[in-house]
Amino acid sequence: MKDKADAWQMEIATISWEFEELLKDLSYAEINLKPQPSSWSIAENLSHLIRLNESYYPIFDQVIAGNYKPPFIGKVFFLAKSFGNLLYRAMTSKGKTKTFAIWEPVQSEFDLDIAEEFNRHQMELSAYVQKLDPFFETGTVIHSPAHRFLVYPLDKAIDIIIAHEKRHLEQSKSILSSHGKTKNVKSGR
């Protein structure tokens with residue numbers, strides 16, 4: 001699974017770089033710009049990603065320590081796999097999705113340092129992927145931080161997290177382009 005973990009770490013690094021390029025030279029007003037009052041700004045997208053990803057860390061820590069106990073439903077692997085595939089498809093679809101309250105941004109406006117906080121967070125997420133590498137092959141099933149009975153394989157959780165980050169990266173690019181601010185950020189380095 002080392003190859004898969006390496007690929008995930010590369011994807012996290014690429015997403016980090018793309019956000020860094022996107023945010024470069026933006027003003028406070030631009031990172032807090034909302035296309036519509038009901039939608040999120042780029043800064044809110046970053047806050048949401050940080051909150052969601054960090055909500056997995058206590059579960060990851062338990063897996064690494066060897067004391068994670070999945071809920072009973074997690075023992076039904078085909079069900080866990082189905083839930084994981086369903087969530088992954090939701091993250092990769094173009095349709096809007098509603099997030100759980102625990103993952104909503106903590107505020108509506110952020111200072112420019114949210115970009116640095118996101119970069120630090122991405123390095124931490126990448127480190128978790130490396131620490132979790134031995135558990136990807138074992139069929140480890142975890143539960144969602146949002147609901148204990150929403151279970152999926154650990155490796156699918158990483159796929160979901162990365163797809164979710166890519167989704168919000170595209171939303172952030174769209175926010176800028178909808179306000180006439182285009183940045184030449186291409187996928188990859």
Side-chain angles (χ1 to χ4, degrees), residues 1-23 43-71 73-74 77 80-81 83-92 97 99-106 110 113-172 187-189:
M1 261 318 205
K2 179 94 173 96
D3 290 342
K4 196 165 185 180
D6 288 346
W8 282 323
Q9 287 182 295
M10 183 58 78
E11 285 188 88
I12 292 167
T14 300
I15 292 165
S16 301
W17 179 83
E18 287 189 49
F19 263 115
E20 189 175 320
E21 289 298 304
L22 186 72
L23 298 168
E44 286 174 308
N45 278 317
L46 293 174
S47 172
H48 165 66
L49 290 173
I50 292 167
R51 284 179 61 96
L52 185 140
N53 294 352
E54 287 181 351
S55 71
Y56 278 92
Y57 294 174
I59 296 167
F60 291 168
D61 287 334
Q62 290 174 26
V63 168
I64 293 163
N67 58 17
Y68 177 74
K69 301 283 185 241
I73 195 170
F77 191 76
K81 189 173 179 181
F83 283 154
N85 289 336
L86 183 68
L87 281 171
Y88 181 76
R89 280 194 301 275
M91 283 305 109
T92 57
T97 59
T99 193
F100 288 96
I102 66 166
W103 294 326
E104 290 182 358
V106 292
F110 294 84
D113 63 355
I114 188 76
E116 290 174 29
E117 185 181 343
F118 181 73
N119 277 336
R120 280 191 303 275
H121 162 75
Q122 290 293 88
M123 288 188 285
E124 192 174 24
L125 177 62
S126 183
Y128 268 108
V129 169
Q130 187 171 14
K131 289 180 209 170
L132 289 166
D133 185 51
F135 303 95
F136 294 131
E137 289 182 10
T138 63
T140 301
V141 171
I142 65 168
H143 70 276
S144 167
H147 198 286
R148 188 148 173 81
F149 293 111
L150 184 55
V151 294
Y152 33 85
L154 177 62
D155 60 333
K156 186 55 76 172
I158 304 301
D159 284 337
I160 292 166
I161 288 169
I162 290 172
H164 183 243
E165 287 193 349
K166 288 178 180 178
R167 180 183 184 96
H168 283 287
L169 175 62
E170 292 308 313
Q171 287 175 356
S172 296
S187 293
R189 286 190 172 180

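- In this structure, F135 has no ring-ring contact (aromatic ring centres under 6.0 Å, His included) partners at least two apart in sequence or on a different chain.
- A centroid separation of 6.0 Å or more is found between the aromatic rings of H143 and F83.
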Side chain to side chain contact (heavy atoms under 4.5 Å, CB included) for I158 and F136? Distances and angles first, verdict last.
CA-CA 10 Å; I158 304 301; F136 294 131; 3.7 Å; yes
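- When all heavy atoms of L22 and S172 are compared, the closest pair comes out as CD2-CB, 3.6 Å.
- Using a 4.5 Å heavy-atom threshold, the side chains of D155 and W8 count as touching.
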Would E116 and R120 satisfy side chain to side chain contact (heavy atoms under 4.5 Å, CB included), going step by step from the backbone distance to the final call?
CA-CA 6 Å; E116 290 174 29; R120 280 191 303 275; 3.8 Å; yes
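- Contact record, G84 with I160: O-CD1, 3.7 Å, taken as the closest heavy-atom pair.
- Between E11 atom CD and S126 atom OG the span is 11.5 Å, to the nearest 0.5 Å.
- At a threshold of 4.5 Å between non-hydrogen side-chain atoms, the residues V151 and P70 do not count as touching.
- Considering every non-hydrogen atom in both A5 and D133, the closest pair reads CB-OD1, 3.4 Å.
- When every heavy atom of G139 is checked against every heavy atom of F77, the shortest pair comes out as O-CE1, 3.9 Å.
- With contacts defined as side-chain heavy-atom distances shorter than 4.5 Å, the pair I142/Y152 qualifies.
- Contact of the D6 side chain with the M10 side chain is not registered, since no non-hydrogen atoms from C-beta on lie closer than 4.5 Å.
- To the nearest 0.5 angstrom, I12 atom CD1 is 4.0 Å from L125 atom CG.
- Summarising the local packing, CZ of F149 is surrounded by 12 or fewer heavy atoms from other residues, nucleotides or ligands at distances under 6.0 Å.
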For I50 and I114, run side chain to side chain contact (heavy atoms under 4.5 Å, CB included): C-alpha distance rounded to whole Å, both residues' side-chain angles, the deciding distance at 0.1 Å, then the answer.
CA-CA 10 Å; I50 292 167; I114 188 76; 4.2 Å; yes
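- Side chains of T140 and L132 form no contact here, defined as non-hydrogen atoms less than 4.5 Å apart.
- Scanning both residues, P153 and A80, for their nearest heavy atoms gives CD-O, 3.5 Å.
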Test side-chain hydrogen bond (donor to acceptor under 3.5 Å, both in side chains) on Y68 and D61 and set out the steps.
CA-CA 8 Å; Y68 177 74; D61 287 334; over 6 Å; no
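- Annotation for Q130: atom CD does not count as buried by contact number, only 12 or fewer foreign heavy atoms lying within 6.0 Å.
- Rounded to the nearest 0.5 Å, atoms CD (E20) and CD (E18) are 11.5 Å apart.
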As a quick check of understanding, evaluate side-chain hydrogen bond (donor to acceptor under 3.5 Å, both in side chains) for H121 and E124, giving each step before the final call.
CA-CA 5 Å; H121 162 75; E124 192 174 24; 4.6 Å; no
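- For the atom pair OG1 of T14 and CD of Q122, the computed distance is 10.5 Å after rounding to the nearest 0.5 Å.
- Side-chain contact between D159 and K4: present, with at least one pair of heavy atoms (C-beta onward) separated by less than 4.5 Å.
- Between the CZ atom of R167 and the CG atom of N45 there is a distance of 10.5 Å, given to the nearest 0.5 Å.
- The main-chain N or O of A43 is never found under 3.5 Å from a side-chain atom of S47 such that the two would form a donor-acceptor pair.
- Residues satisfying the side chain to side chain donor-acceptor pair (under 3.5 Å) test with Y88, not counting sequence neighbours, are none.
- From I64, atom CD1 reaches atom CD1 of I59 across 12.0 Å, with rounding to the nearest 0.5 Å.
- Every residue meeting the ring-ring contact (aromatic ring centres under 6.0 Å, His included) condition with Y56, not counting sequence neighbours, appears here in chain and number order: F60.
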